[in-house]
Amino acid sequence: MKLFTKLTLFITLSKMAIVVLFVLLLPLLVNRVASEYTNYNLREQKKKVLKAINSNGIDYYLQGEDSYGSYTMLKEEYISLEPDSTGAVRDTIETSRRLVEGDTLNYRILRHSFAYKNKHYTLEVGKTTSTISQYNRPLQRVALYVLIVLIILTILVDLIYTRLVLRPLGTIIRTRLINTRFPFKEHAPPVKTSTSDFQYLDQSLLALMGKIKEAFDKEREFTSNASHELMTPISILQNKIENLMVDSEMDEELQQKLTGMMKTLNRLKKIVHSLLLISRIENDQFARTDTVYIKALINDVMEELEHRATSRDLQVTIAIPDDVVIDNMNHDLLFQLFYNLINNAIRYNKEGGTITITARRVGAFWTVAIEDTGVGIPPEEIDTIFNRFKKANRIEGEGYGLGLSIVKSIAQYHNIRIDVQSTAGKGTVFSVVFP
Amino acid sequence: MKVLIVEDERSLALEMEAFLQKAFYLCDLAFTARQGQKMMEENQYDFILLDLGLPDKDGLHVLQEAKKCCPGASYIILTARGDLEDRIKGLDLGADDYLPKPFSLLELQSRMHAISRRKSGLKDSLVALGDFTVDLSKRAILFEGQEIGLSRKEFDLLNYMLLHKNRPLTRSQLSEHIWGNFSDDDYDSNFIDVHIKNIRKKLTAYAPAEWLQTIRGIGYKIKI
């Protein structure tokens, strides 16, 4: 999962959790606040009543009667004053029922006993519970709405900010990791960010890529220089042997030795040529501007190789439609690629075997498959066959280990994919998948 | 024929000289561009073999100047660099041919031969070969005016041996000429035998071809 998706999910879910918690707690809180406030209110009213009694005298209210009672019109609140014979000291707040004018209602009642001129009285101040909780619901609803709006706002702000902060990371991943193809060509500018972690990451990646490129360039340069430097001494050796052969025409034994030396020298020459070819491909020294007709190309390759196939009694079948045309290729390199693959198919085939070359289209892409009935490649070797100087050790003294390396270099150079399927002892299919 | 070899690698220059002298070329050697240019001013050459990697001057530049002072000579560029670009530039500047190092001296001689033939017109395009006649311009071998059908590679092979007549040629030398860089000793030397067998069969149907000799353990030669 992407970092941004994770953060988005986390931000949204955590805020949702807060909303749920709030919705659960809200009624409790509101009820508590309301009842606390009512208690406080009742006590204030008690204080007012006592203050009034103290200043006006209790008889002002009793007016000769035994008790005093007063309530508002809708019976939301009442005050009563009664003589208390028990003389118990009471100061409580509780919820209970009272019968007022024929209506039984739930009241929150404050009871307070006090003495006045040696007589005990009980004061009751009551408030209907329905008035206490009448604002709870709208209050809760408004609070919830406000909360939801605020949460949505913070989520939006969070997401915008996260996106902004993470954008350099996305750029780093895109430009440094996904869209880069080895070998890295030009030095990319550093990603713009004020986040030091990202700066560090970007710089480290750039430095790493630079190091890889440097090492690769060095190897490339070495291969190129070494092969060039080898050409002159090989040249001298070859010419010396050639001259010796002319000079010693009468000495048959010497002639045969010289022929052997020439063969070894040819092998050396071939290796150096192959290394040079690889280094030139890796140094981008070939134009990729040719339009290649694969059928004609394969026929050209076969013309060069036919004698080898015939000498091993191989049956070669070519089934390639005329319309297999690939743009933006280098004709000579592609020739070399198929030459090496078909040559291998001949070399590693068994006497009297077959080679089948077919083309098929998958989506917009052409695949040319070269199938042989040869010795095959053991599964553990398939991954290494394209490595330089890795040769199959089954057939003694065969192969110089560079044919498939050249194939790999040419394929990479053209964005071609090479798939290998092989069954040891049965044969191998090399599939050339064009871009 | 006078040849100037401009090559900073002394032993290579000496080998080329030794080989060409046997083919009756007169050779002068120059190991630097300056030396070479001096010799070009003093002498007339038919061939100038020019190494592009000279220590004191860029070879292509030398070629450009040499073309001005000795326009009559034929130029063959020799280089270890082998870059396609060099080759194209060299040929653009008027070089007659191009040989990437390492090259076979036989190949050098056959290129020189081809150039002289091209330059001298088609005067010597008919060569006698035993009872046969080889028409170099038509690339055909004739018996009493009748053409004998050889394949392209078979004719190439015969032609190459004819050029280096009286000299044993190894199978690898022959296969390198026919298949170039693609030649492969393990395979193609056998196939040279197949080709020679075919050529013999086709020719002996008309007349004996004893001049085409097998040198045991080495290869073949045309002896006339």
Side-chain angles (χ1 to χ4, degrees), chain A residues 224 227-247 249 252-253 255-260 262-270 272-274 276-277 280 285-287 301 303-305 307-308 310-312 332 335-336 339-340 343 346-347 397-400, chain B residues 7-19 22-23 51 53 78-85 99-108 152-153 164 166-173 175-176 179-192 194-195 215-219 221:
Chain A
S224 170
S227 6
H228 279 136
E229 287 304 315
L230 284 171
M231 285 305 188
T232 306
I234 289 176
S235 214
I236 295 169
L237 258 182
Q238 177 175 4
N239 293 358
K240 274 191 192 296
I241 296 173
E242 278 176 328
N243 274 333
L244 257 179
M245 286 189 79
V246 180
D247 293 342
E249 207 184 325
E252 197 176 296
E253 200 183 330
Q255 287 270 318
Q256 288 188 8
K257 280 184 183 155
L258 289 173
T259 308
M262 190 86 105
K263 265 179 119 169
T264 311
L265 193 68
N266 274 343
R267 208 170 132 182
L268 179 60
K269 215 158 92 176
K270 225 176 139 63
V272 176
H273 266 306
S274 300
L276 200 57
L277 178 64
R280 282 165 68 191
Q285 285 185 6
F286 292 90
V301 172
E303 199 176 309
E304 290 294 322
L305 284 171
H307 64 280
R308 296 188 191 174
T310 319
S311 74
R312 303 209 61 201
D332 296 347
F335 181 92
Q336 180 88 53
Y339 183 94
N340 288 7
N343 193 31
I346 295 172
R347 180 187 281 269
E398 281 211 15
Y400 305 122
Chain B
E7 163 69 65
D8 63 315
E9 200 68 48
R10 272 164 204 266
S11 49
L12 194 60
L14 290 170
E15 293 304 324
M16 283 158 66
E17 183 191 26
F19 184 87
K22 278 191 204 91
D51 178 25
L78 315 170
T79 174
R81 275 186 283 178
D83 295 348
L84 195 67
E85 216 171 301
L99 264 182
K101 286 181 194 171
F103 53 83
S104 157
L105 292 170
L106 300 174
E107 193 62 38
L108 173 67
R152 186 168 61 84
K153 287 204 165 72
H164 301 291
N166 298 324
R167 175 180 288 167
L169 302 181
T170 67
R171 293 181 175 85
S172 24
Q173 281 171 326
S175 70
E176 194 180 327
W179 288 287
N181 279 342
F182 290 117
S183 81
D184 184 336
D185 274 345
D186 293 340
Y187 274 93
D188 295 329
S189 42
N190 297 335
F191 203 67
I192 293 292
V194 177
H195 268 319
I215 315 292
R216 201 170 58 84
I218 296 166
K221 84 172 171 188

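Side-chain atoms are counted along with the backbone in the values below, which use heavy atoms only and exclude waters and symmetry mates. Chain letters run A, B, ... following the sequence lines, proteins first, then strands; residues in each count from 1.
Remark: B:Lys153 engages no residue in a salt bridge (charged side-chain N to carboxylate O under 4.0 Å, His left out) (not counting sequence neighbours). Listed by chain and number, the residues in a salt bridge (charged side-chain N to carboxylate O under 4.0 Å, His left out) with A:Glu229 amount to none (sequence neighbours excluded).
Residue A:Gln255 touches chain B through both its backbone and its side chain, counting heavy-atom pairs closer than 4.5 Å. For B:Arg152, the part sitting under 4.5 Å from any heavy atom of chain A is the side chain, from C-beta outward, and nothing else. Proximity to chain A (any heavy atom under 4.5 Å) is restricted, for B:Asn166, to the backbone atoms N, CA, C and O. Contact of B:Leu78 with chain A is not made at all, since no heavy-atom distance falls under 4.5 Å. Proximity to chain B (any heavy atom under 4.5 Å) is shown, for A:Lys240, by both the backbone and the side chain.
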Practice task
Begin from the C-alpha positions of B:Gln173 and A:Glu242 and carry the test side chain to side chain contact (heavy atoms under 4.5 Å, CB included) through to its verdict.
Solution key: CA-CA 10 Å; B:Gln173 281 171 326; A:Glu242 278 176 328; 3.4 Å; yes
Handout entry: Test log, rule side chain to side chain contact (heavy atoms under 4.5 Å, CB included), inputs A:His307 and B:Val194
Key = CA-CA 9 Å; A:His307 64 280; B:Val194 177; over 6 Å; no
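Contact annotation: the side chain of A:Met262 never approaches that of B:Glu176 to less than 4.5 Å [non-hydrogen atoms, C-beta and beyond]. Counting heavy atoms from C-beta outward, B:Pro168 and A:Met245 have side chains that stay 4.5 Å or more apart.
Rounded to the nearest 0.5 angstrom, A:Arg267 CZ and B:Ser172 OG are separated by 13.5 Å. The distance from the CG atom of A:Asn239 to the NZ atom of B:Lys101 is 9.5 Å, given to the nearest 0.5 Å. Here B:Leu14 contributes atom CG and A:Asn243 contributes atom CG; the two are 10.0 Å apart, rounded to the nearest 0.5 Å. Note that CD1 of B:Ile218 is 6.0 Å distant from CD of A:Glu252, once rounded to the nearest 0.5 Å.
Closest approach of A:Ile236 and B:Glu9 over heavy atoms only: CD1-CG, 3.4 Å.
Contact count versus chain A (heavy atoms, under 4.5 Å) is highest, among B:Leu12, B:Thr170, B:Leu105, for B:Leu105.
When each of B:Ser11, B:Pro100, B:Pro102 is checked for a side-chain contact (heavy atoms from CB on, under 4.5 Å) with A:Ser235, only B:Pro102 meets the rule.
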